[in-house]
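We use all heavy atoms of the structure for the numbers below, so side chains are in, but hydrogens, waters and symmetry mates are not. Since the structure is predicted, the reported quantities are computational estimates derived from the model, not experimental observations.
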Amino acid sequence: MTAAHARQSPTPIATRPRKIVRRTRGNRHGPITRLMSPGDLGQLLKPFVFLDLFDMDTASFPGIGLHPHSGIATVTYLFEGSVRYEDTTGATGILPAGGVEWFKAAHGAWHGGGPGDSGHSRGFQLWLALPPDEELGQVENVYLAPDSVAQDGPARVLVGTHGTARSSLKAPASLNYLAVRLRAGEFWRYQPAIDHTAGWVALSTGRLRVPEIVEAGELAIFESSADAIDFHADADTEFVLGSAAPHAHDLVLGQYSVHSSLAMLRAGEQRIREIHHRLHTEGRL
């Protein structure tokens, strides 16, 4: 793939812009806004199935206890502050701004967390549907410190590849997930891989022209295409961007899980119940 680094102008050579076909501000629950769910926009953007934008502190969101998932992987990234995390693999810690936490629930696991030691945090949590050969696989938790996150120009590569940068996380499919900062007046071009016809952008702060205006708090979905996307920042802007080859499998939903078939869902939920029994016996629930 190729990338143009952020710059102040001149205006790039004109190409036909990728059209925005859907946009949303999601559903807000206190300091957390659910921008995408597998029952709505996740059907259009799979393997991207959930996306939460959070802007929280200890007063507005003291945290959430251990709760289960299966069949999916979560990717947590902060533009500001820190969050604490724990899960039933034994992983626990503080995730600072610029770091990445990868939690692959796969055949079933529990996790929880909340604000870290900064008192305030702002960022995104993304859930990815796993392919059938991984959705009942081993649980995995990987933490990347900020200086371990690959970067190409203004883009930090959380999952996948971009330009000269490659994430050390093993992507479950052909996909990219980037976190980008642009200053007011800067231009940046993103060129997806040839099979990445699903694409979207979500803003935490600021305002972009793509060339349609997208503002802080919005998620915008691009038309199906592998054409480049040009981003012009009208203000200092922080955003995440996803592109992928479309997930070719059904999304079969449970209360806490996303799988590709009813049989897979039942297996994941059975594992969740087994862990629940252990956690209850240990006095952790």
Side-chain angles (χ1 to χ4, degrees), residues 1-7 12-23 35-36 38 41-51 72-75 77 100 102 104 124 126-135 142 144 148-182 186-203 208 210-212 214 219-232 239-249 251 258 260:
M1 297 179 206
T2 59
H5 289 246
R7 56 183 183 270
I13 297 172
T15 58
R16 189 186 76 82
R18 287 273 293 274
K19 292 181 181 179
I20 292 174
V21 295
R22 294 280 295 272
R23 60 172 75 215
L35 292 169
M36 180 200 318
L41 298 182
Q43 292 287 349
L44 299 177
L45 292 173
K46 58 184 182 178
F48 307 104
V49 292
F50 285 101
L51 183 68
I72 53 178
T74 66
V75 188
Y77 181 81
V100 178
W102 165 267
K104 186 176 179 181
F124 289 91
L126 172 72
W127 285 255
L128 299 169
L130 296 174
D133 61 345
E134 294 188 35
E135 64 184 293
V142 179
L144 298 180
S148 297
V149 179
Q151 186 160 356
D152 184 276
R156 296 172 66 78
V157 182
L158 311 185
V159 183
T161 64
H162 178 65
T164 60
R166 178 182 294 273
S167 172
S168 60
L169 297 172
K170 182 182 180 296
S174 180
L175 66 89
N176 290 338
Y177 181 46
L178 313 178
V180 185
R181 279 193 174 101
L182 295 179
E186 286 186 331
F187 158 79
W188 178 68
R189 172 171 287 161
Y190 174 66
Q191 177 60 63
I194 193 168
D195 61 338
H196 285 200
T197 56
W200 56 272
V201 65
L203 275 62
L208 294 174
V210 289
E212 295 179 58
V214 184
L219 179 148
I221 299 174
F222 297 103
E223 64 181 324
S224 178
S225 169
D227 290 345
I229 307 171
D230 288 340
F231 296 92
H232 301 256
F239 60 98
V240 290
L241 165 71
S243 70
H247 185 72
H249 309 285
L251 300 181
V258 180
S260 63

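Closest of all the heavy-atom pairs between F124 and A202 is CZ-O, 3.7 Å. Considering all non-hydrogen atoms of both residues, A245 and H196 come closest at N-CD2, 3.6 Å. The two residues H162 and D152 make their nearest non-hydrogen contact at O-CB, 3.6 Å. Here the closest heavy-atom approach between residue A226 and residue A193 is recorded as CB-O, 3.7 Å.
Listed by chain and residue number, nothing satisfies the salt bridge (charged side-chain N to carboxylate O under 4.0 Å, His left out) test with R22 (two or more places apart in sequence, or in another chain). Applying the side-chain hydrogen bond (donor to acceptor under 3.5 Å, both in side chains) criterion to S167, with sequence neighbours excluded, gives no partner residue. Considering only residues two or more places apart in sequence or on other chains, S168 meets the side-chain contact (heavy atoms from CB on, under 4.5 Å) condition with L144. By the side-chain contact (heavy atoms from CB on, under 4.5 Å) test, A173 is found to be paired with L175, residues two or more places apart in sequence or in another chain being considered. S148 pairs by the side-chain hydrogen bond (donor to acceptor under 3.5 Å, both in side chains) definition with nothing, not counting sequence neighbours. Here F222 pairs with nothing under the ring-ring contact (aromatic ring centres under 6.0 Å, His included) rule; sequence neighbours left out. Scanning for side-chain contact (heavy atoms from CB on, under 4.5 Å) contacts around V21 gives I221, E223, with sequence neighbours left out. Qualifying side-chain hydrogen bond (donor to acceptor under 3.5 Å, both in side chains) partners for Y77, counting only residues two or more places apart in sequence or in other chains: R156. In terms of the ring-ring contact (aromatic ring centres under 6.0 Å, His included) criterion, residue partners of F48 (sequence neighbours excluded) are, by chain and number, W200. A129 meets the side-chain contact (heavy atoms from CB on, under 4.5 Å) test with V49, H247, L251; sequence neighbours excluded. Here T74 pairs with nothing under the side-chain hydrogen bond (donor to acceptor under 3.5 Å, both in side chains) rule; sequence neighbours left out.
For the atom pair CG of L208 and CG of L203, the computed distance is 4.5 Å after rounding to the nearest 0.5 Å. Atom OG of S243 is separated from atom CG of L45 by 11.0 Å, given to the nearest 0.5 angstrom. Interatomic distance, L126 CG to L51 CG, rounded to the nearest 0.5 Å: 6.0 Å. The CD atom of Q151 sits 10.5 Å away from the CG atom of L178 when rounded to the nearest 0.5 Å. Rounding to the nearest 0.5 Å gives a distance of 14.0 Å between NZ of K46 and CG of L128.
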- Check the pair L35, F50 against side chain to side chain contact (heavy atoms under 4.5 Å, CB included), reporting the backbone distance first and the verdict last. CA-CA 7 Å; L35 292 169; F50 285 101; over 6 Å; no

- Message: Set out, in order, the CA-CA distance, both residues' side-chain angles and the distance that settles side chain to side chain contact (heavy atoms under 4.5 Å, CB included) for V159 and V75, then state yes or no.
- Response: CA-CA 9 Å; V159 183; V75 188; 4.1 Å; yes

- Message: Using the rule given for side-chain hydrogen bond (donor to acceptor under 3.5 Å, both in side chains), can you reason through H249 versus S260, listing the C-alpha separation, both sets of side-chain angles and the distance that settles it, and then say yes or no?
- Response: CA-CA 6 Å; H249 309 285; S260 63; 5.5 Å; no

- Query: Hey, mind stepping through K19 and E212 against salt bridge (Lys or Arg N to Asp or Glu O under 4.0 Å) and telling me if it holds?
  - Reply: CA-CA 8 Å; K19 292 181 181 179; E212 295 179 58; over 6 Å; no

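Residues L182 and V180 have side chains in contact (heavy-atom distance under 4.5 Å, counting atoms from C-beta outward). With contacts defined as side-chain heavy-atom distances shorter than 4.5 Å, the pair W188/E186 does not qualify. The shortest distance between side-chain heavy atoms of V240 and V201 does not fall below 4.5 Å. Side-chain atoms of K104 and L130, non-hydrogen and from C-beta on, do get closer than 4.5 Å to each other. Looking at heavy atoms from C-beta onward, F231 lies out of side-chain contact with V214 at the 4.5 angstrom threshold. The closest side-chain heavy-atom distance from L241 to Y190 is below 4.5 Å.
Between the side chain of R18 and the backbone N or O of S225, at least one donor-acceptor pair lies under 3.5 Å. Judged by distance alone, with hydrogens and angles left aside, the side-chain atoms of N176 form a donor-acceptor pair with the main-chain N or O of T161 at under 3.5 Å. With hydrogens and angles disregarded, no donor-acceptor distance shorter than 3.5 Å links the side chain of D230 to the backbone of V210. Looking at H232, its side chain never comes within 3.5 Å of a backbone N or O of P211 through a donor-acceptor pair.
The salt bridge (charged side-chain N to carboxylate O under 4.0 Å, His left out) contacts involving residues 169-179 comprise E134-K170, where partners must be two or more places apart or lie in separate chains.
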